[in-house]
Amino acid sequence: NISVQMEGFAFNDDNYQQYLEKEPGITYIGFVARDLSSAKGFEQFIKIAKEIIRQRDKVKFVVIGSPECLYSYEGEFLEKIYGKNHNKTFKDYVLSKEKTDLSYFTFTGLLKYEKYSSLIHDIDFFLYPIQFSSAAWSLHELIGRGKIVIASNRCYVPEIIKDKKNGFLCDYENRGQWVEKSIELIDHKENFQYIAENAKQTSKNYHIKNIALSYLELFNKILDQ
């Protein structure tokens, strides 16, 4: 007797302000998660980004999320490497290991909601290489604002993103797929506006008005039983 459904959303962008000082001719690619953890695919994102930079240097990456991993094993992992009294984060470890050129990256940390929701508008498309997770709000925040998302074909994501219809799905491990699709968007983003429109349309299924009706149907079903 279990029924599963997502929470409801109602996006209000009336107070949208541009936060990024965007350089002309630059494609801005985003990563968003509550924390920059392995579960959310942070190290995979950095590896994909490095290969994109190798092929197209007119790009910038905007990383939204806390460097403090809140509920996973990164702390134990880092302790084994650096000892008990270290002050390193998983973000520090990944950037050092991958020898990342930080001039291509902006790390925002956690943001107040108004700035976060506005910043989403400034970014051209998002990489969402999630590895392990239950359903997260962040994906709905993106599609609800009509953003193009390249995401992992795992966890809950395929319930929301349909490949080549309202977004793109890639195998988590296959970095070549991620890079190929990203290059295509960088070079010909204008050809994929229909993806952005379909994403926004999909988001309406999760609007609070529709979700509230679904909850009422459940309540009535329980009362009838």
Side-chain angles (χ1 to χ4, degrees), residues 2-17 19-20 28-45 61-72 74 90-91 106-163 165-170 172 178 195-216 218:
I2 296 173
S3 180
V4 180
Q5 61 181 27
M6 195 64 186
E7 295 150 301
F9 298 87
F11 301 115
N12 181 359
D13 292 324
D14 293 343
N15 296 320
Y16 163 64
Q17 303 175 48
Y19 281 95
L20 281 179
Y28 288 82
I29 304 171
F31 174 93
V32 57
R34 182 174 178 176
D35 55 24
L36 308 184
S37 64
S38 181
K40 298 294 168 50
F42 176 65
E43 72 265 49
Q44 186 70 317
F45 167 77
F61 295 89
V62 181
V63 182
I64 306 170
S66 170
E68 301 299 328
C69 298
L70 304 176
Y71 41 69
S72 49
E74 282 79 5
F90 187 64
K91 167 193 163 189
T106 297
F107 293 90
T108 70
L110 287 179
L111 300 172
K112 289 187 176 181
Y113 184 74
E114 292 76 16
K115 184 171 183 178
Y116 164 61
S117 58
S118 288
L119 184 56
I120 287 173
H121 286 283
D122 295 341
I123 297 169
D124 293 298
F125 67 90
F126 284 81
L127 300 179
Y128 204 82
I130 202 158
Q131 185 172 200
F132 308 113
S133 180
S134 56
W137 288 4
S138 54
L139 184 56
H140 289 275
E141 292 276 358
L142 301 180
I143 66 171
R145 294 180 167 84
K147 306 310 295 187
I148 298 175
V149 181
I150 306 173
S152 295
N153 185 19
R154 64 191 301 162
C155 305
Y156 63 93
V157 177
E159 297 177 38
I160 301 163
I161 299 293
K162 307 303 177 187
D163 190 37
K165 294 181 179 178
N166 59 356
F168 299 100
L169 296 176
C170 296
Y172 175 82
W178 294 83
I195 296 286
E197 295 299 328
N198 289 345
K200 206 163 189 177
Q201 199 64 34
T202 298
S203 179
K204 291 180 180 178
N205 298 331
Y206 301 94
H207 193 280
I208 188 63
K209 291 179 181 177
N210 296 323
I211 295 296
L213 291 174
S214 298
Y215 274 110
L216 285 172
L218 284 174

- Query: Distance from F11 atom CZ to S117 atom OG, nearest 0.5 Å?
  - Reply: 9.5 Å
- Query: Rounded to the nearest 0.5 Å, what separation is found between the CG atom of L119 and the OG1 atom of T108?
  - Reply: 6.5 Å
- Contact list for residues 136-151, test salt bridge (charged side-chain N to carboxylate O under 4.0 Å, His left out), sequence neighbours left out: D13-R145, E141-R145
- Task: Drop me the distance from L127's CG to I29's CD1, to the nearest 0.5 angstrom.
- Result: 6.0 Å
- ring-ring contact (aromatic ring centres under 6.0 Å, His included) against H121, all qualifying residues, sequence neighbours excluded: Y16
- Sorted by chain and number, sequence neighbours left out, side chain to side chain donor-acceptor pair (under 3.5 Å) with E43 holds for S38
- Contact list for residues 203-212, test salt bridge (charged side-chain N to carboxylate O under 4.0 Å, His left out), sequence neighbours left out: none
- Can you tell me how far CD1 of I143 sits from CG of L139, rounded to the nearest 0.5 angstrom? 5.5 Å
- Message: Could you check whether any side-chain heavy atom of I161 comes within less than 4.5 Å of a side-chain heavy atom of N166, counting everything from C-beta outward?
- Response: yes
- Sequence-distant partners of K115, side chain to side chain contact (heavy atoms under 4.5 Å, CB included), two or more places apart: Y19, L111
- Task: Compare all side-chain heavy atoms of S133 with those of K40 and state whether any distance is below 4.5 angstrom.
- Result: yes
- I120 to F126 - nearest heavy-atom pair and separation: O-CE1, 4.0 Å
- Task: Report yes if some heavy atom in the side chain of V32 is under 4.5 Å from a heavy atom in the side chain of Y116; otherwise report no.
- Result: yes
- Heavy atoms only: give me the nearest N210-N205 pair and the separation to one decimal. CB-O, 4.0 Å
- Note on the structure: For Q5, the side chain to side chain contact (heavy atoms under 4.5 Å, CB included) test, sequence neighbours excluded, returns I211, S214, Y215, L218
- Query: Has the side chain of E74 got a donor or acceptor atom that lies under 3.5 Å from a matching backbone atom of S37?
  - Reply: no
- Side chains of V63 and F107 in contact at under 4.5 Å (non-hydrogen atoms): yes
- Message: Checking L36 against F31 for the side chain to side chain contact (heavy atoms under 4.5 Å, CB included) test, could you report, in this order, the C-alpha distance in whole Å, the side-chain angles of both residues, the deciding distance, and whether it holds?
- Response: CA-CA 9 Å; L36 308 184; F31 174 93; 3.7 Å; yes
- Message: If you define the side chain from C-beta out and look only at heavy atoms, does anything of W178 sit under 4.5 Å from P129?
- Response: yes
- Query: Which atom names give the shortest non-hydrogen contact between F45 and G30, and what distance separates them?
  - Reply: CE1-O, 4.2 Å
- With Y206 via ring-ring contact (aromatic ring centres under 6.0 Å, His included) - residues at least two apart: H140
- Note, C69 side chain near F42 side chain (heavy atom, < 4.5 Å): no
Name every donor-acceptor pair, under 3.5 Å, that has one atom in a side chain of residues 148-155 and the other anywhere in the protein, sequence neighbours excluded.
from	atom 1	to	atom 2	distance (Å)
S152	OG	I130	N	3.0
S152	OG	I130	O	2.8
R154	NE	Q131	O	3.0

- Task: Could you list the residues that satisfy side chain to side chain contact (heavy atoms under 4.5 Å, CB included) with I208, not counting sequence neighbours?
- Result: A10
- Taking only residues two or more places apart in sequence or in another chain, which ones pass side chain to side chain contact (heavy atoms under 4.5 Å, CB included) with D163? F168, L169
- Query: What's the shortest heavy-atom distance between Y28 and L20, and which atoms?
  - Reply: CD2-CD1, 3.9 Å
- Query: What pairs with Y128 under ring-ring contact (aromatic ring centres under 6.0 Å, His included), at least two apart in sequence or on another chain?
  - Reply: none
- Message: Using the ring-ring contact (aromatic ring centres under 6.0 Å, His included) criterion, which residues pair with Y156? Sequence neighbours excluded.
- Response: none
